[in-house]
Q: 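There's a structure below that I have some questions on.
Please read these numbers as outputs of a predicted model, since none were measured by experiment.
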Amino acid sequence: MRISVIGCGYLGAVHAACMADLGHEVVGVDVDPAKVELLAAGKAPFYEPGLPELLEKVMATGRLRFTTDMAEVAGSRVHFVCVGTPQRKGEYAADLTYVDAAVEGLVPQLRGTGEAPALVVGKSTVPVGTAARLADLVADGLPDGEHALLAWNPEFLREGFAVQDTLAPDRFVYGLPDGPDGEVAKALLDEVYATPLSTGTPLVTTDYATAELVKVAANSFLATKISFINAMAEVCEKVNADVVALADAIGHDARIGRKFLNAGLGFGGGCLPKDIRAFMARAGELGADQALTFLREVDDINMRRRQRMVELTREVCEGSLLGRRIGVLGAAFKPDSDDIRDSPALNVAAQLRLQGGHVTVYDPQAVENARRVWPDLRFGSSADEAVENADVVLLLTEWREFRDLDPEVLGTKVAHRRVLDGRNALDPARWRAAGWTYRALGRPRG
Ligand SMILES: NC(=O)c1ccc[n+]([C@@H]2O[C@H](COP(=O)([O-])OP(=O)(O)OC[C@H]3O[C@@H](n4cnc5c(N)ncnc54)[C@H](O)[C@@H]3O)[C@@H](O)[C@H]2O)c1
Ligand SMILES: O=c1ccn([C@@H]2O[C@H](COP(=O)(O)OP(=O)(O)O[C@H]3O[C@H](CO)[C@@H](O)[C@H](O)[C@H]3O)[C@@H](O)[C@H]2O)c(=O)[nH]1
């Protein structure tokens, strides 16, 4: 099937490559010429495991191309909208200008499809009500007698696992219009996803509003689970108890489960923080703000973790950060990604620097992005360089490379063997045995 993907960022570039891998003929469109140039040359514009290999494979088939010219989507049967929906500056609400611009730009390309109307499929995360509004926008933009369809098909991929999550998702959700239009839209989506559906991937078909809500509900639940365990970490810290043992113990209960109970610096990235805030804002507009007041607490607990990490650093540096050499391991919001949007690691690094620390940051993939946004921070080109002569080392993003560090070897580089494990990723006993002062949020002081 001929498919277009509008917006080729972390979501869209992966989606385009995966759709081509499923056998479709795909054109990816983005307004960023630099991104399109890289993608057109078969290069991933960001770090995502498996994407470079997939791009190489599908570009060779000739089924995938990229352009900045929206006119090239004409003739596609299905158009996926994958543009950004960031938090509005100074507000909680989502900024929908990119989604609106993408759909407005798309409408003229939907004309003249006659008996086989094109299908616009929203994948971006949007406030409930957006799909219905966009369906009207599409209908109003077409001449009398012409018709196009709209469906909402939220995306649940995780960065770092984006390719496998797209090709083999936990489930598909289709938000469909009522009546025969809904049936046609479903048939088209079933054709797009025929391969993963054939392996038994669960499918939930529903209305627009429910589909939109599924996405923000899922992210709210995940954020709540993380903040729950971080709230337990706050209490553990008061009584010198161990939040990791606590998470293991409650996680054995199948009703609770161990996933997303990793306490530490909390959640960041381009999704969970802005999605729970946009959900609260939308609930407020709908007169349902009381239903989501708990999400404000979830957000507050999360942001307190960053503050507590700064305090803990000051504590182990005998009460002052001034002039202390601080080696920070990690800049990305999570391992296996170069994404630094709302990164807890960089937030902590920047606060430490503001308070007079001499901070050097290293990350295996995110240094370039971090330097662009935080030009005042100092960056090392290896873990060794970041921790050279350090008074304290902070592990803030749990890359494998950092988990595997040998405390004996690292100990020869630093001025003081002090490590703060912001992700509960190291073995305290091993580091202590090598003469390190090991501290972590919500773990016994030792
Ligand atoms: N990143 C994820 O893991 C993920 C997962 C699920 C859902 N989402 C949702 O998907 C959406 C996109 O997120 P992202 O992380 O890919 O963002 P992103 O910023 O990486 O990518 C958005 C892309 O859209 C492009 N764009 C903006 N306006 C455009 C237009 N009018 N026409 C064509 N391209 C345009 C931008 O240049 C950019 O490349 C968001 O709503 C996000 O919440 C993201
Ligand atoms: O137990 C945990 C799990 C995660 N995190 C942090 O939470 C953040 C988000 O992690 P994760 O959810 O794995 O990454 P994302 O790629 O942002 O994916 C989330 O956001 C996407 C965009 O909406 C959704 O598609 C995914 O389903 C959802 O997991 C990161 O900062 C993690 O370090 C924790 O602190 N503790």
Side-chain angles (χ1 to χ4, degrees), residues 47 49 160 242-245 248 262-265 305-306 308-310 312-318 320-321 323-338 340 343-353 357-371 374 377-446:
Y47 179 77
D242 186 353
V243 73
V244 175
D248 289 344
N262 294 323
L265 254 195
R305 296 291 73 195
R306 304 175 186 192
R308 179 66 192 122
M309 197 55 173
V310 174
L312 191 59
T313 314
R314 192 182 308 107
E315 235 170 88
V316 302
C317 289
E318 292 107 15
S320 172
L321 292 169
R324 302 295 183 173
R325 297 178 70 94
I326 303 168
V328 168
L329 301 179
F333 85 103
K334 68 186 279 194
D336 296 317
S337 173
D338 65 354
I340 57 152
S343 165
L346 283 172
N347 180 298
V348 168
Q351 287 193 61
L352 293 170
R353 186 183 176 280
H358 289 187
V359 181
T360 309
V361 182
Y362 168 69
D363 187 283
Q365 292 294 337
V367 165
E368 222 178 290
N369 284 343
R371 204 196 302 274
W374 300 93
L377 280 173
R378 193 172 33 216
F379 294 94
S381 54
S382 65
D384 280 0
E385 204 181 313
V387 307
E388 201 181 326
N389 282 325
D391 293 306
V392 59
V393 175
L394 272 61
L395 191 160
L396 302 184
T397 314
E398 69 278 33
W399 286 89
R400 179 88 259 162
E401 173 182 337
F402 301 152
R403 288 176 177 272
D404 290 344
L405 282 169
D406 183 334
E408 284 296 353
V409 177
L410 205 73
T412 63
K413 320 276 181 207
V414 298
H416 293 99
R417 293 189 177 200
R418 298 170 181 145
V419 65
L420 303 188
D421 182 358
R423 292 295 180 181
N424 287 316
L426 306 174
D427 175 1
R430 184 163 172 244
W431 285 71
R432 285 181 180 138
W436 287 75
T437 299
Y438 172 96
R439 295 290 303 275
L441 303 172
R443 303 208 76 183
R445 280 178 284 282

Q: Rounded to the nearest 0.5 Å, what separates atom CZ in F402 from atom CG in L410?
A: 10.5 Å

Q: Could you give the distance from CZ (F333) to CG (D338), rounded to the nearest 0.5 Å?
A: 10.0 Å

Q: Restricting to salt bridge (Lys or Arg N to Asp or Glu O under 4.0 Å), what partner residues turn up for D406, sequence neighbours left out?
A: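 With neighbours one apart ignored, the set is empty.
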
Q: Which residue, V393, V392, D384, forms the side-chain contact (heavy atoms from CB on, under 4.5 Å) with V414?
A: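 With V414 as partner, V393, V392, D384 yield a single side-chain contact (heavy atoms from CB on, under 4.5 Å), made by V393.
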
Q: Going from CZ on R353 to CG on L377, what distance comes out if it is rounded to the nearest 0.5 angstrom?
A: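 Result: 6.5 Å between the selected atoms.
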
Q: Check whether any side-chain heavy atom of W431 lies under 4.5 Å from a side-chain heavy atom of L405, and answer yes or no.
A: yes

Q: Find out whether V328 and V348 are in side-chain contact, i.e. whether some heavy atom of one side chain is under 4.5 Å from a heavy atom of the other.
A: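 Side-chain contact under 4.5 Å: no.
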
Q: What residues form a side-chain contact (heavy atoms from CB on, under 4.5 Å) with R324, not counting sequence neighbours?
A: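 Only C317, E318, I326, D391 meet the side-chain contact (heavy atoms from CB on, under 4.5 Å) criterion with R324.
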
Q: Nearest 0.5 Å please: distance from the OG1 atom of T397 over to the CG atom of L265.
A: 8.0 Å

Q: I want to check something: taking the side chain as every heavy atom from C-beta on, are R308 and E315 in contact at a cut-off of under 4.5 Å?
A: yes

Q: Nearest heavy-atom pair of P364 and E401: which atoms, and what distance?
A: CG-OE1, 3.5 Å

Q: Excluding sequence neighbours, so at least two apart, what forms side-chain contact (heavy atoms from CB on, under 4.5 Å) with A386?
A: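 Residues passing side-chain contact (heavy atoms from CB on, under 4.5 Å) with A386: L329, T360, Y362.
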
Q: Which donor-acceptor pairs under 3.5 Å do the side chains of residues 432-442 make with protein atoms, sequence neighbours left out?
A:
from: R432; atom 1: NH2; to: Y438; atom 2: O; distance (Å): 2.9
from: R432; atom 1: NH2; to: P444; atom 2: O; distance (Å): 3.2
from: R432; atom 1: NH2; to: R445; atom 2: O; distance (Å): 3.1
from: W436; atom 1: NE1; to: P407; atom 2: O; distance (Å): 2.9
from: Y438; atom 1: OH; to: D421; atom 2: OD2; distance (Å): 2.7

Q: Distance check, rounded to the nearest 0.5 Å: L394 atom CG versus T313 atom OG1?
A: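 It is 4.0 Å, given to the nearest 0.5 Å.
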
Q: Just to verify, what does D248 make a side-chain contact (heavy atoms from CB on, under 4.5 Å) with, not counting sequence neighbours?
A: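 Per chain and number, D248 pairs via side-chain contact (heavy atoms from CB on, under 4.5 Å) with V244, R258.
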
Q: Excluding sequence neighbours, so at least two apart, what forms ring pair (Phe, Tyr, Trp, His ring centres under 6.0 Å) with W374?
A: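 If we apply the ring pair (Phe, Tyr, Trp, His ring centres under 6.0 Å) test to W374, skipping adjacent residues, there are no hits.
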
Q: Quick one: list whatever passes side-chain contact (heavy atoms from CB on, under 4.5 Å) with A331, sequence neighbours left out.
A: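 For A331, the residues satisfying side-chain contact (heavy atoms from CB on, under 4.5 Å) (neighbours in sequence not counted) are L346, V361, D363, A366, A370.
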
Q: Among residues at least two apart in sequence or on other chains, which ones pass salt bridge (Lys or Arg N to Asp or Glu O under 4.0 Å) with R306?
A: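 Partners of R306 by the salt bridge (Lys or Arg N to Asp or Glu O under 4.0 Å) criterion, ordered by chain and then number, come out as D342.
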
Q: Quick one: side-chain hydrogen bond (donor to acceptor under 3.5 Å, both in side chains) partners of E408, sequence neighbours excluded?
A: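 Result, side-chain hydrogen bond (donor to acceptor under 3.5 Å, both in side chains) vs E408: none returned.
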
Q: Using the test side-chain hydrogen bond (donor to acceptor under 3.5 Å, both in side chains), find all partners of D336 that sit at least two apart in sequence or belong to another chain.
A: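 Residues passing side-chain hydrogen bond (donor to acceptor under 3.5 Å, both in side chains) with D336: none at all.
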
Q: Applying salt bridge (Lys or Arg N to Asp or Glu O under 4.0 Å), can you list everything that pairs with R325, at least two apart in sequence or on another chain?
A: none

Q: Would you say S343's side chain and A345's backbone share a donor-acceptor pair under 3.5 angstrom?
A: yes

Q: About how many Å separate NE2 of H416 and CG of N389, when rounded to the nearest 0.5 Å?
A: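 Answer for the CG-NE2 pair, N389 versus H416, is 10.5 Å.
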
Q: How about R423 and P344: do any of their side-chain heavy atoms sit closer than 4.5 Å?
A: yes

Q: For D242, give me all partners under salt bridge (Lys or Arg N to Asp or Glu O under 4.0 Å), at least two apart in sequence or on another chain.
A: R443

